[in-house]
Amino acid sequence: MSAAKKDYKRITTKSVVEMKKNGEKIAMLTAYDYTMAKIIDNAGVDIILVGDSASNVMAGHETTLPITLDQMIYHASSVVRAIHRSLVVVDLPFGSYQGNSKNALDSSIRIMKESGGHAVKLEGGSEISESITRILTAGIPVMGHLGLTPQSIYKFGTYTVRAKEEEEAEKLMEDALLLEKLGCFALVLEKVPAKLAQKITENISIPVIGIGAGNGVDGQVLVTHDMLGMTHEFHPRFLRRYMDLYTEMTKAFENYIADVKSRDFPNDEEQY
Ligand code: KIV
């Protein structure tokens, strides 16, 4: 297992806040199904995010917008059945919380009740503060998400780095302070300059988990299928690939086809 400073039997929202205080980095990865979640949990990853990136990775959509609340609950419940240690955070999908705070609360309650997840994640700052407060009032932990927020892709127009200009950087800092004040237990910062991410991290007490936000934050998150090299059309600078599974899996499938066609598979030991 990892070089952890403290041996947590079970990761809670309190544990990750404690990790920040103790200077222990937080490792977070995505999962959308039972088998992958089991491997990730056993490896000792602190937080499993059932991200709405399932819309891209699992369903092949171009954006995260089409995935529904029912589909997120299906993915999250499969993940929850696999885990023993990790904290499971579930994305509220596009359209399930932007309407009003009642809509946000109802969607969060469905996620908690029907999937067994431990917390929800929402994209946005001051514009969704009422919804965050209402969800928190119901006792549901909330993780924020600022910077590049993929559910607003049609507003941004591109997936490029956010908050390079002073005005956007200031708004980002204000939103991060607001999310902390409202009571979020952690914050994801996506694709923002490393210096800005570090400044935000130093100015708030809740952990900041970065993706494309440099090394001055409290933890890192990657999309599992990207870090395993299963997706291979996508090459952002922040992505470190730990395997080339696309190539490895292609080789395995080609070998299988060849073995079937040549009648090599199954052999005498592989039959009854
Ligand atoms: O949906 C997702 O996978 C995410 C991460 C990229 C942070 O929100």
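Predicted model only: the values in this text are computed from it and were never measured. All ligand and atom numbering here is 1-based and tracks the order in the structure.
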protein heavy-atom neighbour closest to atom 7 (C) of ligand 1 works out as Leu49 CD2, 3.8 Å
Nearest non-hydrogen protein atom to atom 2 (C) of ligand 1, with distance, is Ser53 OG, 3.3 Å
Quick one: is the NZ or CZ of Arg85 closer than 6.0 Å to the six-membered ring centre of Tyr8, and within 45° of its axis?
no
- Message: Using a 3.5 Å cut-off on N or O atoms only, is Lys121 in polar contact with ligand 1?
- Response: yes
Geometric N/O contact Glu190 with ligand 1, under 3.5 angstrom | no
### Message
Could you check whether Thr247 and Asp244, counting side-chain N and O atoms only, form a donor-acceptor pair closer than 3.5 Å?
### Response
yes
Honestly, for Ile211 the part within reach of ligand 1 (heavy atoms, under 4.0 Å) is side chain
- prompt: Quick check: does any side chain N or O of Glu190 sit under 3.5 Å from a backbone N or O of Gly147, one acting as donor and the other as acceptor?
  reply: no
*asked:* Quick one: does any side-chain atom of Ser55 pair with a main-chain N or O of Thr63 as donor and acceptor, under 3.5 Å?
replied: yes
If we number the atoms of ligand 1 from 1 as shown, the ones under 4.0 Å from a heavy atom of Thr30 are 3 (O)
For His145, the ligand 1 atoms with a heavy-atom partner under 4.0 Å come out as 8 (O)
Checklist entry - Is the shortest distance from a heavy atom of Glu123 to ligand 1 less than 4.0 Å? => result no
Is Asp106 paired with Lys102 through a side-chain N to carboxylate O contact shorter than 4.0 Å? yes
Tested for side-chain contact (heavy atoms from CB on, under 4.5 Å) against Ile40, the lone hit among Val79, Thr35, Ile83, Ile48 is Ile48
